[in-house]
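Following: one structure in structure tokens, then a few remarks.
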Amino acid sequence: MQVLGIETSCDETAVAVYDSDRGLLSHCLHSQIALHQAYGGVVPELASRDHIRRLLPLVRQALGEAGADRQSIDAVAYTAGPGLIGALLVGAGFAASLSYAWGKPALGIHHLEGHLLAPLLEARPPAFPFLALLVSGGHTQLVDVAGLGRYRILGETLDDAAGEAFDKTAKLLGLPYPGGAALAERAEVGRDGVFVFPRPMQGRPGLDFSFSGLKTAALVALRGRVLDDAIRADVARGFQDAVVDALAEKCRRALDMTGHRRLVIAGGVGANRRLRERLATVAADASAELYFPRTEFCTDNGAMIALAGCMRLQAGLPSGGAMQARAHWELENG
Ligand code: KG4
Ligand code: ZN
């Protein structure tokens, strides 16, 4: 079975072809970062318009690299939500058109399901069930994954997502958008303990997170100081340590509470090296295995959407059909 996957929920246009027997055959991506950089964040209307420009060439490229065509493709999977509504509508409309022209079904996929399944693209995939830490620009959740389409949220952020906190703090440090990866790079050379920020929600029971106070703590720490590279690095280090501590502590508790022996990291912040190192220790202490996708499949991509579509098709699970676009969409009720 062969599925074309289309991702347009935010600022990446991405297309991939996944084959149930041969695995991932191609994946192509255009990042809009340069387009939005001058504005310090994603401009929804510009994002939608750029998706329109990029989709057709990317589909041609992905089909060509996969050696696939309208005959070999069994279904067109696309991200149906959550995300920017205009951007989602471009992908949904494009997928509906292909589906109609090719006479193949269109499958509307939940973006976060895509992220959760992304580690299954790797050579050593996790088996179900597993505990997943989903950390992206829009979401921070601990998810009990019992199987395909069987997700239970154990904890989530009460305010900012972890990636959002990275990006906002990076902006305070004068780093270009999206600053998450740039902040992480500075943190590598920052000194331990020069800035110590609060560990939000650490003392409280449960598995929820809160990150908005951290950004404020960074703002207060910077007040009256001249921003140079050394300060940037030290603040980045202090901030990253606090986020990683908060995420690691809740993962430790969740492994303890659920008894899961597999921990998966997914989403853009999953690319963070320090987070991966810390979670490797947390997993080892709980006699659990740690799994994560390669960096390019942590951030938004088409491969995870093609894979999710293929798995749903094979399992005979419902997938929304054509022309679905939902800006807000609970994962549990997907
Ligand atoms: O999953 P993703 O590509 O998009 C969403 O669905 O939100 O995640 C993007 C987020 C951004 O906030 C970005 O700054 C963050 O992931 N990010 C990182 C790193 N690389 C990307 N955050 C911390 N460390 C990194 N190395
Ligand atoms: Zn995402």
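Counting starts at 1 for both ligands and their atoms, following the listed order. All figures in this text were calculated on a predicted structure; none of them were measured in a lab. No hydrogens, no waters, no symmetry mates; every other heavy atom, side chains included, goes into these values.
Seen from the ring of Tyr177, Lys171 does not count as a face-on cation partner, given the 6.0 Å and 45° thresholds. By the 6.0 Å and 45° rule, Arg276 stacks over the aromatic ring of Phe292.
His115 lies close to the Zn ion (ligand 2), since one of its N, O or S atoms is found at a distance under 2.8 Å.
Residue contact check for ligand 1: Gly138 places a non-hydrogen atom closer than 4.0 Å to it. Ligand 1 is approached by His111 to a heavy-atom distance shorter than 4.0 Å. Contact between His115 and ligand 1 is present, with at least one heavy atom of the residue lying under 4.0 Å from the ligand.
Side chain to side chain, His27 and Glu65 fail the donor-acceptor criterion of an N or O pair below 3.5 Å. Looking at Gln2 and Tyr18, their side chains never bring a donor and an acceptor atom within 3.5 Å of each other. Side-chain contact check for His51 and Thr13: at least one donor-acceptor pair (N or O, by modelled atom type) lies under 3.5 Å.
Between His110 and Trp329, the two ring planes are tilted [angle within 30° to 60°].
Listed by number with element, the atoms of ligand 1 under 4.0 Å from a non-hydrogen atom of Thr299 are 3 (O). Ligand 1 places these atoms under 4.0 Å from at least one heavy atom of Gly163: 12 (O). Taking every heavy atom of Gly137 and a limit of under 4.0 angstrom, the matching atoms of ligand 1 come to 5 (C), 7 (O), 8 (O), 9 (C), 10 (C), 12 (O).
Looking only at heavy atoms of the protein, atom 25 (C) of ligand 1 is closest to Ala181 CA, 3.9 Å. Of the protein's non-hydrogen atoms, Gly268 N, 3.0 Å is the one closest to atom 1 (O) of ligand 1.
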Arg312 and Glu113: CA distance, side-chain angles, deciding distance, salt bridge (Lys or Arg N to Asp or Glu O under 4.0 Å) verdict: CA-CA 11 Å; Arg312 280 194 167 259; Glu113 176 172 74; 2.7 Å; yes

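Taking the six-membered ring for Trp and the full ring otherwise, Phe166 and Phe239 have centroids separated by under 6.0 Å.
Two residues are said to be in side-chain contact when any heavy atoms from C-beta on lie closer than 4.5 Å; Ile73 and Gln71 fail this criterion.
Residue Asp167 holds the heavy atom nearest to atom 11 (C) of ligand 1 of all those in Val269, Thr295, Asp167. Nearest to atom 26 (N) of ligand 1 by heavy atom, out of Leu183, Asn272, Val243, Asp300, is Asn272.
When non-hydrogen atoms are compared, ligand 1 lies under 4.0 Å from neither the backbone nor the side chain of His139.
To the nearest 10 degrees, the Zn ion (ligand 2) sees OD1 of Asp300 and NE2 of His111 at an angle of 90°.
For ligand 1, none of its N or O atoms has an N or O atom of Ala184 under 3.5 Å away.
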